[in-house]
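As the structure is a prediction and not an experimental result, all values here were calculated from the model. Every number for a ligand or one of its atoms is a count from 1 in the order of the listing.
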Amino acid sequence: MAPKKLSCLRSLLLPLSLTLLLPQADTRSFVVDRGHDRFLLDGAPFRYVSGSLHYFRVPRVLWADRLLKMRWSGLNAIQFYVPWNYHEPQPGVYNFNGSRDLIAFLNEAALANLLVILRPGPYICAEWEMGGLPSWLLRKPEIHLRTSDPDFLAAVDSWFKVLLPKIYPWLYHNGGNIISIQLGSTFPPLWQVENEYGSYRACDFSYMRHLAGLFRALLGEKILLFTTDGPEGLKCGSLRGLYTTVDFGPADNMTKIFTLLRKYEPHGPLVNSEYYTGWLDYWGQNHSTRSVSAVTKGLENMLKLGASVNMYMFHGGTNFGYWNGADKKGRFLPITTSYDYDAPISEAGDPTPKLFALRDVISKFQEVPLGPLPPPSPKMMLGPVTLHLVGHLLAFLDLLCPRGPIHSILPMTFEAVKQDHGFMLYRTYMTHTIFEPTPFWVPNNGVHDRAYVMVDGVFQGVVERNMRDKLFLTGKLGSKLDILVENMGRLSFGSNSSDFKGLLKPPILGQTILTQWMMFPLKIDNLVKWWFPLQLPKWPYPQAPSGPTFYSKTFPILGSVGDTFLYLPGWTKGQVWINGFNLGRYWTKQGPQQTLYVPRFLLFPRGALNKITLLELEDVPLQPQVQFLDKPILNSTSTLHRTHINSLSADTLSASEPMELSGH
Ligand SMILES: CCCCNC(=S)N1C[C@H](O)[C@@H](O)[C@@H](O)[C@H]1CO
């Protein structure tokens with residue numbers, strides 16, 4: 001419901017006197033008061049204490065819960081990005097439904113009495129797939145992302161001409177925002193142009209000016225446009241006419257950085273647009289945390305200065321499906337499925353000690369809501385659940401790629417065949433018999449990102465980006481050489497975000513450059529949603545399936561349904577679906593994440609059967625079992641987590657419901 005209609009509703013809901021007191025559309029304003037180094041909201045001094053929450057990492061059914069907890073924490077604003085690729089999956093095809101309903105999220109924020117600081121990009125970073133840019137941009141391989149490249153600007157313009165008019169009625173000065181007794185107004189989207197552009201090598205001012213002009217043209221002159229950069233990026237990221245803000249965390253020198261900021265904004269409020277309450281996690285690296293004392297001390301110091309602050313993240317959420325991004329620090333580093341971020345509100349939406357400590361600090365400077373905080377959500381333990389083998393991925397090739405393969409002399413990238421996420425199978429045939437184990441590799445680090453190699457269905461091992469390792473293969477004339485390539489998420493930060501996926505170079509076997517390829521873009525989610533259970537296809541090879549295989553189980557929940565954490569002891573790496581919902585990637589062998597958050601709304605209560613499906617890419621445990629725990633394990637690796645699980649109280653583990661397992 002657009003704010004204008006809601007404002008009429010407001011006049012019905014509120015006592016006439018209150019309605020008269022509220023500023024009307026023509027008097028509403030949000031401006032910088034340079035004379036007093038502060039913001040003014042409707043003419044009154046105003047400072048925001050904000051927190052980041054990404055609607056695209058939280059299912060819609062949970063938005064209200066998270067937003068209310070943020071409000072209760074003492075925040076008066078939230079900040080979030082709009083990921084372009086989440087809303088325009090194909091050029092000219094737009095999706096603002098369900099958990100992509102941006103307007104509904106804005107409305108939920110209004111209902112929670114929270115103001116909004118919006119960051120529409122087009123690039124958002126955020127450890128999100130390709131930093132929010134749609135991968136179909138790379139179908140023009142020469143495109144220069146985040147510059148004034150005409151192809152890039154044309155796509156940006158058409159996207160913003162769809163997005164910005166949707167937002168326009170929600171701008172604060174339009175008076176369209178809703179204010180009720182419990183409701184606050186949706187803050188004037190303080191528009192952030194781009195994101196940390198100063199950290200991007202291009203530093204293309206004409207691009208920034210183009211964006212600013214587009215925003216002005218589509219949103220009018222009243223909106224406060226701002227840039228955000230780390231201290232090192234201010235020189236490029238800032239632009240005349242845009243308000244300059246900075247990012248830094250608790251370990252940084254606030255005085256030094258705010259002094260530097262004053263070189264770009266001599267007057268006006270000090271703003272830290274990203275005060276890091278925690279940090280992100282990479283697969284294979286230790287879980288990141290930031291201490292409560294350091295985070296609260298830093299916040300208090302900024303609030304004492306009168307600064308406005310946004311805490312990044314206040315609630316992190318989850319990279320469901322294939323949505324995680326990646327970084328490059330010498331090597332390719334994919335981001336984990338969990339975006340818990342050691343944030344004040346945990347991935348499962350529970351308040352942490354950090355939340356209460358931050359609320360105490362905020363309460364020293366402004367009123368915090370009274371009343372109890374909603375309790376932690378009910379948690380559930382279940383299992384173990386023993387899965388059964390459904391079949392090898394190759395056995396479902398016809399269903400996974402109903403249109404059949406694309407043929408090419410040289411291998412083609414995901415982008416070239418218009419496969420955005422997930423997996424693609426590359427197939428060729430051995431042109432001669434190879435008796436001796438012969439080196440197989442992809443030159444120039446050309447596997448983006450992980451390749452699972454099979455000869456006549458027999459799993460040979462993994463070749464991956466960053467690694468120089470080779471496999472040693474044998475085979476007969478005409479043997480099938482199948483390479484399943486996994487897109488682990490496109491670079492969301494780094495100098496070159498044109499992160500093509502697939503086999504970027506033709507693989508080499510011994511002295512032979514392998515040519516004559518068939519590419520099978522795989523639609524796995526459709527198969528999991530619509531085709532299972534189905535008659536098991538015949539497995540055409542003598543040996544038992546190994547490598548990429550589907551496992552599944554249907555199971556009832558006899559007790560009460562609660563949030564839970566899927567634990568996959570002994571499994572290696574793969575993808576999980578619960579009742580057809582793509583929960584995300586697991587990589588038990590790498591860690592640090594050992595469990596996946598399962599929101600209770602995904603699960604069916606007693607009387608209905610639930611279904612879990614795994615695609616295990618490498619090795620399965622002797623006992624193909626999974627468990628549902630009542631606590632997450634985010635900080636251990638497969639070697640260490642066993643001690644962790646042993647440390648869980650015996651009764652906790654045994655408290656799980658006896659399972660009457662049924663199902664296929
Ligand atoms: C290694 C960090 C990658 C760069 N990202 C940085 S500095 N950050 C700033 C960036 O604006 C934000 O979107 C997030 O990406 C945040 C880290 O959580």
Report the part of D327 in contact with ligand 1, treating N, CA, C, O as backbone and CB onward as side chain, heavy atoms under 4.0 Å; options are side chain, backbone, both, neither.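 Only the side chain of D327 comes within reach of ligand 1.
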
Just heavy atoms, cut-off under 4.0 Å: does Y123 contact ligand 1 by side chain, backbone, both, or neither?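 Answer for Y123: neither.
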
Under-4.0 Å salt bridge between [X] and [Y]:
X    : Y    : value
D342 : K354 : yes
R139 : D420 : yes
R490 : E415 : yes
R331 : E464 : no
D499 : R465 : yes
R262 : D37  : yes

Which of the ligand 1 atoms, numbered from 1, are nearer than 4.0 Å to a heavy atom of [X]:
X    : result
K329 : 1 (C)
Y341 : 17 (C), 18 (O)
Y282 : 1 (C)
I124 : 13 (O)
L280 : 2 (C), 17 (C), 18 (O)
Y81  : 10 (C), 11 (O), 12 (C), 13 (O)

Quick one: does [X] get an N or O within less than 3.5 Å of an N or O on ligand 1?
X    : value
E127 : yes
C125 : no
D247 : no
E274 : yes

Any non-hydrogen atom of Y312 lying under 4.0 Å from ligand 1?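 A heavy atom of Y312 does come that close to ligand 1.
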
Could you check whether E129 and N324, counting side-chain N and O atoms only, form a donor-acceptor pair closer than 3.5 Å?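 Judged by distance alone, the side chains do not pair up.
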
Working to the nearest 0.5 Å, report the span between OH of Y81 and OH of Y123.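 One gets 8.0 Å once the value is rounded to the nearest 0.5 Å.
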
With respect to E486, which candidate in R585, R450, H421, H448 satisfies the side-chain hydrogen bond (donor to acceptor under 3.5 Å, both in side chains) definition?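 Looking at R585, R450, H421, H448, the match for E486 under the side-chain hydrogen bond (donor to acceptor under 3.5 Å, both in side chains) is R585.
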
